[in-house]
Number of protein chains: 2
Amino acid sequence: MHDEALLRKILIANHQKITKARLTVFNLLRSKEPQAIASIIAGCKGEVDRVSVYRVLDLYEKLGIVKRVNIGWKYKIELSDAFLDHHHHASCLGCGKVMSVMENGELEALIEKLSAKSGLTMTSHVLELYGYCYACDTNTKNRT
Amino acid sequence: MHDEALLRKILIANHQKITKARLTVFNLLRSKEPQAIASIIAGCKGEVDRVSVYRVLDLYEKLGIVKRVNIGWKYKIELSDAFLDHHHHASCLGCGKVMSVMENGELEALIEKLSAKSGLTMTSHVLELYGYCYACDTNTKNRT
DNA sequence: CATCAAATACAACAAAATTGCATTAAGAAT
DNA sequence: ATTCTTAATGCAATTTTGTTGTATTTGATG
Ligand SMILES: [Mn+2]
Ligand SMILES: [Mn+2]
Ligand SMILES: [Zn+2]
Ligand SMILES: [Zn+2]
């Protein structure tokens, strides 16, 4: 099923209307991930009001359509695992580029084990890597 | 070396003054971790102004004395690995309790490997587990 | 197409974070 | 110890971010 069809299905199943605001925000999220709220609001300028963006995102979070992910100490929004495969992020502290790190069975298993040991019934987890991408790393080394 | 001596050493090495505000914030951070900014500001009431708390924390972050960690979609502040052993967090979505998950060689090695594969020269990483603690999990199950 | 509730825009508000500046105090100089 | 210098602080004002109230609009339904 393609993304928008799934979105419609989820909205209908939850007795929510399919509106211009909701479709606009959804398509923005599909275009680039993850995004800061400010960036989504900017992308909606003229189309959807600031307040409505917040309300759409609240709904989407409640319905599990989006999730908040932490990039550095700020959060950004991205589509949930129902739309994107489970993954983690590797962020460059130099240029801000965010790369996806795809699921790795060994790692996920280890995280499961860890959570069991910690006494937590884990429902989700977040792993973020920080450092410098090849380009930024090279630049840094070349500086005198 | 005990914590405050290390703090003083770092401040002096960076030509920063040792002030009442900086010591107060530092000791609050030592008392409990991790803490929301609001909680630090509250802990400083009457002692240090709100604005100064922000400025002290900015400095501390720049100097690597504290780091921001994400608990849910909000960040909290805790002392850096120079003061605390490297660890991760397991947070209960029910009651908000945060447990420390101590470093695990196997996991850390795997994360190193992962970052290498992603092409990032990793300088740090964050792993957060979310779920329900034993008490909250039991409560949830007992609900009709 | 008529109906009706849900969703939206806009204004007002509240909370969180930042900036500008006069005053204070930490550390250096004497 | 006292004076000097400037970084650090407190306080007021401002900006930014997020929320709430409500009249109007819009999407679903028959
Ligand atoms: Mn992503
Ligand atoms: Mn911690
Ligand atoms: Zn980069
Ligand atoms: Zn709990």
Side-chain angles (χ1 to χ4, degrees), chain A residues 4-29 34-63 65-78, chain B residues 4-5 7-29 34-63 65-78 96:
Chain A
E4 197 179 300
L6 177 55
L7 171 74
R8 285 170 184 274
K9 197 179 132 189
I10 296 174
L11 287 175
I12 290 166
N14 288 277
H15 318 293
Q16 300 294 322
K17 294 182 177 169
I18 292 159
T19 66
K20 179 172 140 302
R22 286 170 183 170
L23 290 173
T24 304
V25 169
F26 180 78
N27 285 315
L28 260 174
L29 286 172
Q35 282 185 74
I37 287 213
S39 143
I40 300 171
I41 290 171
C44 286
K45 197 150 73 176
E47 303 251 352
V48 182
D49 186 78
R50 236 166 60 77
V51 175
S52 299
V53 171
Y54 279 109
R55 293 203 261 229
V56 167
L57 290 175
D58 280 352
L59 175 71
Y60 280 5
E61 205 181 0
K62 234 174 281 165
L63 300 185
I65 292 166
V66 303
K67 58 179 179 178
R68 307 191 195 211
V69 301
N70 304 117
I71 303 295
W73 55 273
K74 295 189 174 161
Y75 69 85
K76 298 191 173 188
I77 307 281
E78 75 174 7
Chain B
E4 195 178 299
L7 171 75
R8 285 171 184 273
K9 197 179 130 188
I10 296 174
L11 287 176
I12 290 167
N14 288 277
H15 319 293
Q16 300 294 322
K17 293 180 178 173
I18 293 159
T19 67
K20 178 172 139 306
R22 287 170 184 172
L23 290 172
T24 303
V25 170
F26 180 77
N27 285 315
L28 261 174
L29 286 172
Q35 284 185 72
I37 287 213
S39 143
I40 300 171
I41 290 170
C44 285
K45 196 149 74 178
E47 303 251 353
V48 182
D49 186 78
R50 246 170 61 76
V51 176
S52 299
V53 172
Y54 280 109
R55 292 201 264 228
V56 167
L57 290 176
D58 280 352
L59 175 70
Y60 280 5
E61 204 182 2
K62 233 174 284 168
L63 300 184
I65 292 166
V66 303
K67 58 180 178 178
R68 309 191 193 211
V69 301
N70 301 116
I71 304 294
W73 54 273
K74 295 188 174 161
Y75 69 85
K76 298 191 172 187
I77 307 280
E78 75 174 8

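Here the structure is a predicted model, which means the values were calculated and not measured. In what follows, every chain begins at residue 1, and chains take the letters A, B, ... in the order their sequences are listed.
Looking at residues two or more places apart in sequence or on another chain, you find a side chain to side chain donor-acceptor pair (under 3.5 Å) between A:E78 and A:H87, A:H89. Listed by chain and residue number, B:D81 satisfy the side chain to side chain donor-acceptor pair (under 3.5 Å) test with B:K67 (two or more places apart in sequence, or in another chain). For the salt bridge (charged side-chain N to carboxylate O under 4.0 Å, His left out) test, no residue two or more places apart in sequence or in another chain qualifies with A:E47.
Side-chain contact between A:I77 and A:Q35 is absent, with no heavy-atom pair separated by less than 4.5 Å. Using a 4.5 Å heavy-atom cutoff, the side chains of A:I41 and A:I37 are in contact. Under the 4.5 Å side-chain criterion, counting only non-hydrogen atoms from C-beta, B:V48 is not in contact with B:V56. A heavy-atom distance below 4.5 Å is found between the side chains of A:L57 and A:L29. A:I65 places none of its side-chain heavy atoms less than 4.5 Å from the side chain of A:L6.
Note: CD1 (A:I37) to P (C:dA16) measures 16 Å, nearest angstrom.
Applying the side-chain hydrogen bond (donor to acceptor under 3.5 Å, both in side chains) test to pairs two or more places apart or on separate chains, none has a residue in residues 50-60 of chain B. Applying the side-chain hydrogen bond (donor to acceptor under 3.5 Å, both in side chains) test to residues at least two apart or on different chains, the pairs with a partner in residues 14-28 of chain B are B:N27-B:R30.
Protein chain B touches strand DNA chain D; the 5'-most and 3'-most nucleotides with an atom under 4.0 angstrom of its non-hydrogen atoms are D:dT6 to D:dA12.
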5' to 3', nucleotides 7-15 of chain C under a 4.0 Å protein heavy-atom cut-off (B base, S sugar-phosphate only, - none) gives SSBBB----
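Terminal axes of the helix from C:dC1-D:dG30 to C:dT30-D:dA1 (five pairs each, C1' rotation axis) are separated by 40°, to the nearest 10°.
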